Trainee: 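The structure follows.
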Number of protein chains: 2
Amino acid sequence: MTRVGEEVVSRGVNSDTPLYQATKTRLLESLSGGVYRPGDALPAEKDLAARYGISIGTLRKAVDELVDEGILIRQQGRGTFVASHDRERLLYYFFHIVAHEGGKTYPRVELHSFTRGRASSEESAKLHLAPDAPVIRLRNLLTLGEAPVMVDDITLSSARFPKLGEAGIRGRASTLYQLYQAGFGLTIVRTSERLRAVAAPADVATLLRLPRAAPTLMIRRVALGYHDDPIEWRVSHADTTAHEYFSELGS
Amino acid sequence: MTRVGEEVVSRGVNSDTPLYQATKTRLLESLSGGVYRPGDALPAEKDLAARYGISIGTLRKAVDELVDEGILIRQQGRGTFVASHDRERLLYYFFHIVAHEGGKTYPRVELHSFTRGRASSEESAKLHLAPDAPVIRLRNLLTLGEAPVMVDDITLSSARFPKLGEAGIRGRASTLYQLYQAGFGLTIVRTSERLRAVAAPADVATLLRLPRAAPTLMIRRVALGYHDDPIEWRVSHADTTAHEYFSELGS
DNA sequence: AAGTGGTCTAGACCACCAT
DNA sequence: TGGTGGTCTAGACCACTTA
């Protein structure tokens, strides 16, 4: 009934990469380029399919993968939306500290210090920066319930966060990731973490009200954007006497 | 060209759950029931679709999800296979300890002790057992390179592992998960882990050749089967001076 | 060459949401 | 009521593996 041969030929340039993957790339470029912004609704699937000149099934396969990756969000009857860093989403995807045997709660975050400097070799490696590139360093103290639970040491490239000052952070009622997104157009999509158990450094122990050299969970995290570009480097120390790190993996 | 209405009616019983989900359940039941065993090839997709009386697209959607969950494995041109606990797969999905900044290596595992007893309240909770149910406890010592790196304390329900004795474990050249699968028809599909930093218990410190009360990474893990049924409870203590826990999340 | 999964199409109908 | 995503179909052709 159909002459698929003609269609396939008319598909055009990309001969080796599948159409749905090319479509995914186009969507990703529209996202990182700001054509569709966090919170926006995408055009309806049939419109998008028509615009790209592909069938709705192929369009859906591309969107499916972006939904799986947490980049788009489908809502039946309403539309498809660009994921934004609202608190719930952040808590769900990027915050892994929970009370023992308990559920997730949103932490209180307090900016403890803000400094500028030049990248260490580790920082430049993690953030793909030139040696000695200028960086911004923040230290946050996180509280769950009453007690301080975690100290975050965060490094950002000054080049990617122009004009970011201490006031800009302290003034906000939002989270850091919301600030990256709203203020600099940078959306965190994925993180990669490595964990160790270490004796608390003296300054961390003080902030967490722990005995000197108490065991703490050290979390070293790179946060990545749409194109797996590193946006933030973070070293955290958590007190795990009343909380723990949650990991649901292996599927 | 088609009368979809008739088809939909002829779909039969399950009116609220989508066909592809019902199909997924049927496949899962065939897997846990041993109709298709680990390593086996499934029937070709068009044959399966015909057998279930559904279109190939719907069958593929069900299989897609099982592939995403690591339960089935597709190989173009060859077939679709039931995932088995070969070393590579275990390493990739279930073993999260890597050398600092390094890649994964397979550990040497040594059975250190084998005992029987009755479930603690925690063990019975984690394994969904009655209080004081009979359990088997193993302690393994894991070595990466030359140095001991991790101590695993494993608890199994005696009821689910009948006739499992020390010789049955020590004699094997395989991994524990391969033993669960080949010997008892139990396949691990997913794990859920919670991590803390704790001072090494005395016996663990000795085995890991660490100073008393050195910080260790404590990993508490439930391993689950096809129907999210708990199969194994494991508490590990890792020395993270030269290794770390790897977690790729947030997508 | 035969068999398998992988891609893609064109379109029908269902379920849900807003108005 | 009209629009959105969600499900499902029937079938063509492509890419890959094996013999």
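Source: prediction; values computed, not measured. By convention in this document, chain letters (A, B, ...) are assigned in the order of the sequence lines, proteins followed by strands, and residues within each chain are numbered from 1.
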Trainee: Give, for atom CD1 of B:I154 and atom CG of B:L176, the distance between the pair rounded to the nearest 0.5 Å.
Mentor: 5.0 Å
Trainee: Hey, which of these two, A:G57 or B:A44, hits DNA chain C nearer its 5' end, going by closest nucleotide?
Mentor: B:A44
Trainee: What is the distance from CG of B:L42 to C1' of C:dT4, rounded to the nearest Å?
Mentor: 13 Å
Trainee: Return the value, rounded to whole Å, for the distance between atom CG of A:L19 and atom C1' of D:dC13.
Mentor: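 To the nearest whole Å, that distance equals 14 Å.
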Trainee: Which nucleotide sits closest to the side chain of A:P18: D:dC8, C:dT4, C:dC8?
Mentor: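 So the side chain of A:P18 is nearest to C:dC8.
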Trainee: Heavy atoms, side chains only, cut-off 4.5 Å: are A:L90 and A:I188 in contact?
Mentor: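 A:L90 vs A:I188: side chains apart.
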Trainee: With the side chain counted from C-beta on, respond yes when A:R60 and A:E45 share a heavy-atom pair under 4.5 Å apart, and no when they do not.
Mentor: yes
Trainee: So which one's nearest nucleotide on DNA chain C is more toward 5', A:L59 or B:P43?
Mentor: B:P43
Trainee: Nearest to the A:R60 side chain among C:dC8, D:dG6, D:dT9, which nucleotide is it?
Mentor: D:dG6
Trainee: Without decimals, in angstroms, what is the distance between B:Y20 OH and D:dT9 C1'?
Mentor: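 Going from B:Y20 (OH) to D:dT9 (C1'), I get 16 Å.
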Trainee: To the nearest Å, how far apart are A:L48 CG and D:dT4 P?
Mentor: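 Atom CG in A:L48 sits about 11 Å away from atom P in D:dT4.
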Trainee: Testing the 3.5 Å rule here: is there a donor-acceptor pair between the side chains of A:H85 and A:T175?
Mentor: no
Trainee: Which nucleotide, C:dC8, D:dT7, D:dG5, lies nearest any side-chain atom of A:S55?
Mentor: C:dC8
Trainee: Would a 4.5 Å heavy-atom cut-off, applied to side chains only, mark A:W233 and A:R220 as touching?
Mentor: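 Touching, per the 4.5 Å side-chain cut-off.
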Trainee: In whole Å, what is the span from the CG atom of A:D16 to the C1' atom of D:dA15?
Mentor: 12 Å
Trainee: Could you state the CG-C1' distance from A:D64 to D:dT7, rounded to the nearest angstrom?
Mentor: 12 Å
Trainee: In whole angstrom, give the distance that lies between atom CD of A:E45 and atom P of C:dT9.
Mentor: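 So the CD-P distance, A:E45 to C:dT9, works out to 14 Å.
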Trainee: Could you state the interatomic distance from OG (B:S30) to CG (B:D40), rounded to the nearest 0.5 Å?
Mentor: 11.5 Å
Trainee: What are the residues of residues 76-85 of chain A, sorted by number, that bring a heavy atom to within less than 4.0 Å of DNA chain D?
Mentor: A:Q76, A:G77, A:R78, A:G79, A:T80
Trainee: Does the side chain of B:T58 get closer than 4.0 angstrom to OP1 or OP2 of D:dT7 through an N or O atom?
Mentor: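 Answer is no, no contact under 4.0 Å.
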Trainee: Tell me, do A:T191 and A:F94 make a side-chain contact under 4.5 Å, heavy atoms counted?
Mentor: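 In short, these two side chains touch, coming nearer than 4.5 Å.
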Trainee: OP1 or OP2 of D:dT7 less than 4.0 angstrom from a side-chain nitrogen or oxygen of B:K61, does that happen here?
Mentor: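 For D:dT7, OP1 or OP2 has a side-chain N or O of B:K61 closer than 4.0 Å.
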Trainee: Give the nucleotide from the list C:dT7, C:dG6, D:dT7 with an atom nearest to the side chain of B:R74.
Mentor: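 The nucleotide sitting nearest to the side chain is C:dG6.
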Trainee: What is the distance, rounded to the nearest whole Å, between atom CD1 of A:I54 and atom P of C:dT7?
Mentor: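 It is 14 Å, rounded to the nearest whole Å.
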